[in-house]
Engineer: 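One structure follows; several queries about it will come next.
Keep in mind that what you see is a predicted model, and the values were worked out from it rather than measured. Residue numbers start from 1 in every chain, and the chains themselves are labelled A, B, ... in the order their sequence lines are given, proteins ahead of strands.
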Amino acid sequence: MEFFTFLYDALHFMVLFGIVGSALLVVKFKDLVSATIALAACSLLVSLEFFILQAPDVAIAEAAVGAGLTTAILIFAIKSTRGREEY
Amino acid sequence: MKEMSPIVKTITKISFAAIFLFGLYIILHGHLTPGGGFQGGAIIGTLMALYLVAFGAVKWRKKVLSIIESTGLLVFIGTGLLGLTTGYFFFNFIGGTDNPIFGQQLNGGELIGDVAFPSNSAPLLSSGTISIMNMAVGLEVIAALTLIIVTMGLFAFAGSEEGE
Amino acid sequence: MMSEIPYFAVVALIAIGLYIVMFKRNLIKLAMGIVLIETGANLFLITLAYRHGDRLSSPIFTSQIMGGDAAAYSLPTPHALTLTSIVIGVATTALLLAFFMKLYQKFQVSTIDDMRRLRG
Amino acid sequence: MSWDWAMITMVVLVVISMFFMLLGAIGLHRFPDVYTRLHAATKATTFGSIFLAIAVIVYAVFRITDPETLDVNVGSYITLAVHTFIALVALLITNPTGAHAIASAARKAGVVPEQAVIDEYEEVE
Amino acid sequence: MCKIVTLLPNNTHLNSYTVYAKSAFEIVGVMEAPDMFTFLVTFLGVFVLYLLLVWGSGDADTAYWAIEEVFAGLILSLISAGVARMMLGKAENTKMFLKWPLFIVYVPIFLVYLAKANIDVAYRVITGRINPGIVRIKPGLKTDLGRTVLANSITLTPGTLTVDIDKEKGDLFVHWINVQETKSEEEKVKAVCGSFSDWARRLTE
Amino acid sequence: MSIGHLDVILIGVSLLAFGMLISLLRLFLGPTSPDRVVALDTINTLVVGMMIGLGAFYEQVILIDIAIVYAILSFVTTLFIARYISSRKEKEESQ
Amino acid sequence: MSFYNDLITHAPAIIIAIPLLFAFATPLIGKINKYVRNAWAFTAVLLSGALAYVLAWEVFKNGGDPNVYVFGGADGTAFDVLSNVRISFYVDGMAAFMGIIMATVAFAAVIYSFSFVKKYTGQDKYYTLILLVLAASFGMVFTGDVFNLFVWFEVSSVAICGLIAFRSNRGESFEGAAKYLIYSTIAGLFLLFAIGLLYGQYGHLNIKYLSSAIGANGSMMVLDKIVLGILITVFSLKAGAVPMHMATPDGYSEAPAPVTAMMVTASQAGLYAVFRTCFTLYGGNIQNSLAQIDLVHAAGYLLVILGVLSMFVGVTLALVQKDIKRLMAYHAISQTGYMLLGVGVGLAVFASGDNTDFAEFGRTAMTGGIFHIFNHALYKGLLFLTAGAIIFKAGTRDLNKMGGLGRDMKMTALFFIIGALSIAGIPPTNGFASKFLIYESVFKFNPVLGAVAMLVSLLTLASFVKVFYAAFMGPKNPEMKTGEVPKSMLVGMAVLAGMIVVFSLLPSLVIGEIVSPAVTSLAGPGPEIGTSLTMFSGQGAWNPLVLLAVLGVTLVIGYVIRMLGQKGTVPKGEGKKPYLFGNPTEVNGMPFVVPASNVYWGFTRALKRYYKPMEKMHSGLINEYVFWFVATAGLVMLALTFL
């Protein structure tokens, strides 16, 4: 029983690590599309985290908004501006 | 905006009605399962984004969309205002157990066991005004998100198509 | 113990977002930073709502609330708050990006260094 | 520990599923370029999710047929099985399409397949 | 004048009332008789999907569907089929809908190939032996639907991944992880697609 | 130690989380943006798997709906990014 | 009467529902034609404004007793078990006071808009957003729980940003809007975080419950202090206090004039939230907790510091501006400082535990500060509207390129003079009445602060003299259009100007009837400052009628002296042409007009060392602005935690 509690916590921890890691990638990438991809990954993992934290409504909303719409409008914005971070 | 390959287009055509129905399902069951007006609306809005990106063109009229949006909001506020007639603002005036249609009884724990519950935790028509508000919000969100996507997409991709 | 762990992620997300907003100069990056801060705030609220019981349950109305152990359910109020803030967040992000697109169309602005017409 | 038929089936299914899922993740690192990575990622993960979903469905079927739980709540486990199936179908439809879109985009963006012995796409360009 | 957000041929010669009347017709879903078939098929499909989604909503002992759910499903299915019809037009190949029982035969074959494909991928991931390339095949399928079924099928089956599709001729560009020398075109198709090209033809034409 | 039916699924889900981290490494390494999209796609599939597994683990059947939504929406995300990438020339970047 | 009673009971909800309902219907109504649409918007502001006045009347009649309204409850006036999840409105004296401000300014702004936005496209959206801003402002002041405060805060920010970018032909509008949006979004997220902290600690969102829970056990947690710090910083940002003011002038100056007037009220809703936080949320248990007294005392000093900084920095930066709207925006910041100063002094004294001091001058300071809110909304709204009229006619916002508008725009010039006198605090005006209270009481608190307040008033007058000189005097630019502005704009300005005149004549009545209940609802009952025609500050008294009488007598005497003089005298030589502001003179044989930017050349030159770093601070880089905000928040939190 102890083992499975530990396993669940480890799973939880890995998801959080993924969230923070992809957020760091957003900072790191100079290429804006890559940063958008990292942001989408971050949003999707946050949605999973909401799922784990028993908030299904919020998880659906976050998946729909964070993954679908924010990425779409970010892509539109990148398309209509220059597209690469200069420095 | 150029359309994508026929494969994506065909898949979009096949799955369009299904995703649309799924969004409506989420909206309608907002009081029973996770989701609600916003979530279902966001799913359908994203479906419109899928349509836009797959077909590269849209023929929706902005005017119609904004009318739909206003209607949704008006229905929402109007439902709240109708609550004034019997109680207070946003009073659930057709809920309650004595209403024959919308006020169906919850299942008092007979159907629902000790583990989980089935696709519906209660009858569909047990929420009074909440369903109506969910639908109104769903309508509004669909229209608003579609407007956002269409406006920004056309702004981004109109005119200069990247050397194709 | 482990239910406290998300708070570290919250702090990290907000710190990363603030770092982006304060030190990155690209406008789209700035918008991403704001999205990150918002995500952090939402995660904070949801973590507050989480209850670490033996029954992990989402706050959907069932018969158990009436008869059984309501403490095992995560709190519904922060969920509602988070939904609201997600809606507000998407509106804000869309508006901000629309401004940036218009700015690029007008002045070819893509970094904050070009966005200095109003100052002093 | 209860080694009934469902347990055995689930263990087998989950083991197969995990093998292919992790294979997909590792394949991302073993292969040299986008296209070959897509091979690993798409095929292996889709295949793995089929088995995971089947494991969940087996669990649901087990609960439905299990005499202990039969009278409690059949509907919820039917829903579990059916919704899992729908999610699986959604994955099966979207994954190859997404892979195709990525491959097409990469090729159009000028990413050349590495170690390629033949590239008949170049004639089109 | 109604401002129409479109990149398709626009209706600027119509006055706004005509446009509204037209769109009202579209929204209600009034359409000519030949399109009714597409509409019906879509409607049935999404209705079945809805029934699947709410399976188990009824009384635990007697029925698996609550009656109000069925009614709601009818209405929602009508709406979504109408909207789909409005936005996508009629399907190009309606005959395919009559062949859906063939899918039951197709799925096991597909699964077997899928398993093979994954063993193949496992082999290549572990050994790292690849011989990739992009080849052009001419499966000779006439409809987009057939090409899609073929493309998605071979994406999930051994060593192949659809990269692009020629819109006019219907040729597929396939990334092949283990390119083999082939003599004729048919042999190449056979080597890449296996029996899937036949299946796609059988299913959709 | 007694293993229930659901614990098997929990072990699987944990392994999936591990695979998700491995894929995140590819997202980090790149080198081109299509590579990153591939990693994102993989993460999506893994996460859908995790959601199905966790939904069964919690015995909250309605949570499976989220997996469906997620599967559909991540597809749209992938398409959007792919659509944009195809319109520009990809350069090999160092980082 | 039962209908009236029902109306009063439901008024808090209806006041918000009407602008929302009308706003959402505006796109539909706009399809009919524009006159109907204008009438529609007018009806909305009229109805909700009238209702706000009626509600305020009822609340003031009861001496500021709250009107509580719980949404969706069977009994909407009672808090019950579910109150922590129910949305509630809580309209006490202060909220009703703010409500009538919103109603007044919105009314004037909408009337003004009819002609002002005639030539722009997208008017449907304009009116929708204006009504949304109004609803959001009402919501911010009426709400009874902190989360709704956040929601209305964000609605207000987003709607205002949409309005700032309304003139889409100007690229600068988008820049200003983007900066304002980034700034307020980050502030909003901080606010959300603070609300989360509050909820996590106390499990409530309702302000009433929170105020009874905070400090109930006699000690303050660190988290409480952090929350207070965040709340003060965020709401001061909304109000435009100085270290966080950088995006405010951008937004104010780029928005269309009526929108700027609305923005003033929206920022005052932020100010209201600061006061609500300090007095109600954290001052609820102040009698029985020493720790809380210390904390709120420190918060009072923080408000004083913010106020003094705002006053001084705002006015000095306003002196050097060339853009008329930007100049006025800096003045708005500077005047916000007065309110923060007044109420901050009140708060510091209120929380010092010394009740006699509070009765002696703390309450006076608060009264002055809160009275100044109303005055500020009136004269600042009027000034922004006149600025809009000037820009409307002159076609430019650069003071150096204007001139001679006074010949055609006599009414506008008159309104401008009324507003300028009022903002500078020249005696017979309402601006003087409120500043008088602030000077006297703040002088008693700390003489230096009183001196600074007077100095800032002087500088304000100086800079408005400059504007008047540049815009209305001097030679006319031939490219400018002639004639007075359209009628509806004049009516909009006249509404506010009339209110100013009334307030100037009857300050003590206004204080007795309107301001005192507001103060009472914040700080508890206390002595009256003015109910008769004379206003007593505790140190001095002020009656505008006496001054007006003296002025009238002086005028009569002057006229008599003029009549007695010799008739038919003609001035000769140089004395024939008196030097007038802005008229061309000859310098070294060349015709020369002193440009407006050079009027205070000597002053700015002397303060070069001050202006250089200021210019560097206002660099236009949003990064640095956000940094200032975060740094201020951190400093405030540190100060509250460790002091």
Engineer: Looking at every heavy atom in both B:Phe38 and A:Val65, which two are closest together, and how far apart are they?
Structural biologist: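 For B:Phe38 versus A:Val65, the nearest heavy atoms are CZ-CG2, 3.5 Å.
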Engineer: Considering only heavy atoms, which portion of B:Ile26 lies under 4.5 Å from any heavy atom of chain A: side chain, backbone, both, or neither?
Structural biologist: side chain
Engineer: Mind checking whether A:Leu69 and B:Ile148 have side chains closer than 4.5 Å, heavy atoms only?
Structural biologist: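 A:Leu69 vs B:Ile148: side chains apart.
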Engineer: Side chain, backbone, both or neither: which part of A:Ala61 has an atom under 4.5 Å from a heavy atom of chain B?
Structural biologist: both
Engineer: At their closest point, which heavy atom of A:Gly68 faces which heavy atom of B:Thr46, and how far apart are they?
Structural biologist: CA-CG2, 3.9 Å
Engineer: Work out which heavy atom in B:Ile149 is nearest to a heavy atom in A:Phe76; give both atom names and the distance.
Structural biologist: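 In terms of heavy atoms, the two residues are closest at O-CE1, 3.7 Å.
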Engineer: With no hydrogens and no angle check, is any side-chain donor or acceptor of B:Gln39 less than 3.5 Å from a backbone partner on A:Asp57?
Structural biologist: yes
